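Every chain is numbered from 1, with letters handed out A, B, ... down the list of sequences. Not measured: the values here are computed from a predicted model. All heavy atoms count here, side chains included; hydrogens, waters and symmetry mates do not.
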Amino acid sequence: MGVAAIKEYAFEPADRLENFHGNQLLYIGWDQHLLFCAPFCLPLPPAMRFGDIIDKVLPGVFGYHPDFAKIDWSKVVWLKSGQPWQADFNKSLAELGLKHKDVLRFRTPGLDGIKGSAS
Amino acid sequence: MSKVFIALQTNDDTRSIIQAILADNPHAIANEQPAMVKIDAEGSLVVRRSTIEELIGRDFDLQELHINLISLTGHVDETDDELTLSWNT
Amino acid sequence: MDMKVSKKKLGLKEKYQHMTRGLGWETTYQSMDEVFPYAKYEGIKIHDWEKWEDPFRLTMDAYWKYQAEKERKLYAIIDAYAQNNGHLSVTDARYINAVKLFLNGISPLEYMAHRGFAHAGRQFPGVGPRVACLMQSLDEIRHAQTQIHSLSNYNKYYNGFHEYRHMLERVWYLSVPRSFFDDAYTAGPFEFMVAIGFSFEYVLTNLLFVPFVSGAAYNGDMGTMTFGFSAQSDEARHMTLGLEVIKFILEQDPDNLPIVQQWIDKWTWRGYRVLTLVGMMMDYMLPKRIMSWKEAWEVYFEENGGALFKDLARYGIRPPKWLDQIEQDKDHISHQAWGTFYNYAAACNFHTWIPTDDELDWLSQKYPNSFDKYYRPRLEFWREEAKKGNRFYNKTLPMLCQTCQIPMIFTEPGDPTQICYREVDYKDNKYHFCSDGCKEIFEHEPEKYIQAWLPVHQIYQGNCFNEGVDPTAEGFDPLAAVLDYYHLNFGRDNLDFEGSEDQRNFEAWRGMATKNT
């Protein structure tokens with residue numbers, strides 16, 4: 001591990017938390033909705049309530065999709081780093097244990113994209 | 001067996017070269033594409049100076065190939081008289 | 001009395017011997033290790049540099065002679081093309097966007113290759129490879145120059161060509177080719193040679209220069225055809241050099257095998273990822289198509305690459321890793337890439353569009369296993385929405401792969417409905433990847449990749465605004481500020497082809513070229 005180098009080779013990561021002016025990065029992807037070509041990267045304050053992300057941030061991110069308005073958020077299945085995860089809309093990112101550069105995915109069973117194509 | 005190929009631009013210079021290659025390599029197949037000709041051959045392919053010279057009626061240096069060459073595969077062995085492409089399998 | 005003396009000409013082999021040997025010496029004022037500080041640290045063991053042989057046996061005198069001839073031909077065609085308003089004879093103005101991508105994304109790599117081979121040549125203690133690197137370094141700067149000259153003709157008439165140099169270090173998608181070459185260039189000379197000389201030149205450049213350039217010819221672009229084939233005529237030599245590098249290193253010491261194998265795995269994957277762009281250019285950006293990306297991949301990678309690795313098996317080299325995934329991906333990546341640029345067309349220096357019905361049918365026919373099922377519904381939905389005045393412009397920044405820097409657009413091997421997510425925790429930070437390949441490359445040298453300049457993260461850190469811009473000011477528009485920083489003109493360089501200035505101008509000028517009005 002490390003790197004082949006002619007002398008000591010150690011650097012700070014370019015994307016450490018301190019560089020984001022008080023925000024942390026949260027990645028979020030909607031499974032089987034690939035009309036959005038990739039998951040998203042959002043800079044958010046750690047104190048932000050998770051429910052506010054759903055209500056105030058995600059409509060601007062995913063709202064273009066006709067399935068978005070049909071989501072029943074109580075039935076959404078969440079994954080964090082690919083593992084089942086329990087959302088709590090009333091807790092903040094920090095309280096939910098979401099760290100800088102964590103990745104969340106959500107699944108909306110029954111909603112499977114444009115003409116069922118996972119788009 | 002693996003295939004080797006050589007691809008040349010389609011132009012007046014290469015017309016005789018392609019003709020020579022096909023004459024010297026009966027197993028080779030010319031595949032014409034826009035602006036280029038790709039010659040595929042099983043195992044190996046030889047480009048022979050003497051055959052080209054006979055067709056063009058002048059001396060030919062095999063390194064002149066570089067001017068109109070687009071691509072090739074296989075191990076290259078070049079002498080004054082022949083350029084051979086081959087795989088070792 | 002005049003006697004005609006026939007001068008004895010040296011044979012090719014003798015001439016090569018004379019002109020590539022005996023040019024070096026053992027240094028005495030300084031140790032050889034100090035003069036060639038990068039020759040050993042990568043772990044490659046070389047015992048006899050004299051064993052190096054260029055199969056083409058090209059010497060500098062012949063090199064100048066033939067390169068000069070190539071240049072004369074090339075500039076004659078470029079001049080004729082420009083004088084004849086050749087740009088108006090391309091099949092369709094949409095095509096010009098493929099050329100924009102070429103100038104912005106590929107030509108700067110030629111320049112980096114020039115620097116890289118100059119550097120590698122300087123660092124090798126052996127004379128044979130130094131001569132070969134010198135020639136290749138000159139070739140590469142020739143490619144950069146001829147591409148810039150050729151494409152400057154388009155810059156007079158069309159948008160998006162104007163600041164490729166500035167954009168290379170800033171525009172989000174250009175970080176993909178740039179970081180690829182930076183990665184190679186910052187490696188040692190042996191890794192650079194395996195990365196660029198072998199994996200890129202030998203295994204992958206045919207895909208770029210042969211079918212795409214033939215496609216340019218098919219679409220009436222003589223300028224691109226001529227620089228492309230002229231460059232590729234050098235590539236044939238570079239490929240031969242790339243293969244020679246591998247054979248030479250492997251024959252020198254058995255300890256070199258695992259190092260070389262790891263580099264082949266890494267650089268085939270890295271190069272393959274970069275070529276996603278070319279796949280998209282072939283399937284979506286050539287109005288008249290000669291072959292699909294998938295077909296080109298089968299001919300130039302599977303067939304040729306297969307023959308190559310079968311041959312190298314005698315050294316103990318096995319085919320590159322992740323080929324099973326690559327095999328599945330060929331049905332998907334060009335569509336996934338086009339969808340990405342369609343999403344982010346507001347931040348691009350070229351235009352995008354939805355293919356016409358004919359083109360959609362061609363894609364269905366070329367991609368029977370994937371297109372109708374996964375990609376056509378997406379494209380048709382976008383087209384319908386655009387007709388209603390609701391063209392989809394994705395305004396939220398995507399998650400990027402830490403290694404290849406491409407947005408995380410690629411799907412799981414075996415499941416084209418599921419984005420592929422991989423992650424690694426390294427020293428208290430999390431890193432994300434698009435694939436097992438990119439993840440493993442990171443894990444091998446994490447200290448290198450944790451420094452990656454990821455455009456999305458850099459924007460969020462506030463590093464992609466012009467000096468003096470205050471992101472906390474009221475009404476701050478981050479997209480506009482980023483486009484300013486890119487020197488990208490909103491409404492001219494970006495957005496849809498339909499309704500663009502390029503489209504209007506091309507139509508008007510073509511009309512003037514064919515009618516007396």
Taking the six-membered ring for Trp, are the ring centroids of F392(C) and F381(C) within less than 6.0 Å of each other? no

For this output row, return yes or no: ring centroids of Y431(C) and F433(C) closer than 6.0 angstrom. no

Given that the side chain runs from C-beta out, which part of [X] has a heavy atom under 4.5 Å from chain A: side chain, backbone, both or neither?
{"X": "T411(C)", "value": "side chain"}
{"X": "Y421(C)", "value": "side chain"}
{"X": "E423(C)", "value": "side chain"}
{"X": "E380(C)", "value": "side chain"}
{"X": "L379(C)", "value": "neither"}
{"X": "D372(C)", "value": "neither"}
{"X": "K373(C)", "value": "backbone"}
{"X": "F410(C)", "value": "neither"}

Rounded to the nearest 0.5 Å, the OH atom of Y374(C) sits from the CG atom of N369(C) at a distance of 9.5 Å

About how many Å separate CD1 of I406(C) and CG of L400(C), when rounded to the nearest 0.5 Å? 10.0 Å

Side-chain donor-acceptor contact under 3.5 Å, [X] with [Y]:
{"X": "E447(C)", "Y": "Y426(C)", "value": "yes"}
{"X": "Y449(C)", "Y": "D183(C)", "value": "yes"}
{"X": "Y367(C)", "Y": "H332(C)", "value": "no"}
{"X": "W453(C)", "Y": "E169(C)", "value": "no"}

Ignoring hydrogens, what is the shortest heavy-atom contact between A184(C) and W267(C)? Give both atom names and the distance. N-CH2, 3.3 Å

Can you tell me if Y64(A) has over 12 outside heavy atoms packed within less than 6.0 Å of its OH? yes

Can you tell me if CG on D470(C) sees more than 12 non-hydrogen neighbours from other groups inside 6.0 Å? yes

Within 45° of the six-membered ring axis of F36(C) and under 6.0 Å from that ring's centre, is NZ or CZ of R122(C) located there? yes

Determine the option with the most heavy-atom pairs under 4.5 angstrom with chain A, choosing from [options].
{"options": "N394(C), T186(C), L454(C)", "answer": "N394(C)"}
{"options": "K395(C), K427(C), E385(C)", "answer": "E385(C)"}
{"options": "Q418(C), E42(C), M408(C)", "answer": "Q418(C)"}

Does K7(A) have any side-chain hydrogen bond (donor to acceptor under 3.5 Å, both in side chains) partners at least two apart in sequence or in another chain, and if so, which? none

Who among A10(A), G116(A), C41(A) has the most heavy-atom pairs with chain C under 4.5 Å? C41(A)

Tabulate, in ascending numerical order, the residues of residues 21-39 of chain A having at least one heavy atom closer than 4.5 Å to a heavy atom of chain C, or enter 'none'. H21(A), L25(A), Y27(A), G29(A), D31(A), Q32(A), L34(A), L35(A), F36(A), C37(A), A38(A), P39(A)

Taking only heavy atoms into account, what residues of residues 69-100 of chain A are found under 4.5 Å from chain C? S81(A), H100(A)

Contact class of D102(A) relative to chain C, heavy atoms under 4.5 angstrom: both

Given the rule in the ring pair (Phe, Tyr, Trp, His ring centres under 6.0 Å) test, do F341(C) and Y173(C) qualify, once you have shown the distances and angles that lead to the verdict? CA-CA 9 Å; F341(C) 285 103; Y173(C) 78 89; 5.2 Å; yes

For K40(C), check salt bridge (Lys or Arg N to Asp or Glu O under 4.0 Å) against everything at least two apart and list the hits. D33(C)

Look at K388(C) together with E384(C) and state whether they make a salt bridge at an N to O cut-off of under 4.0 Å. no

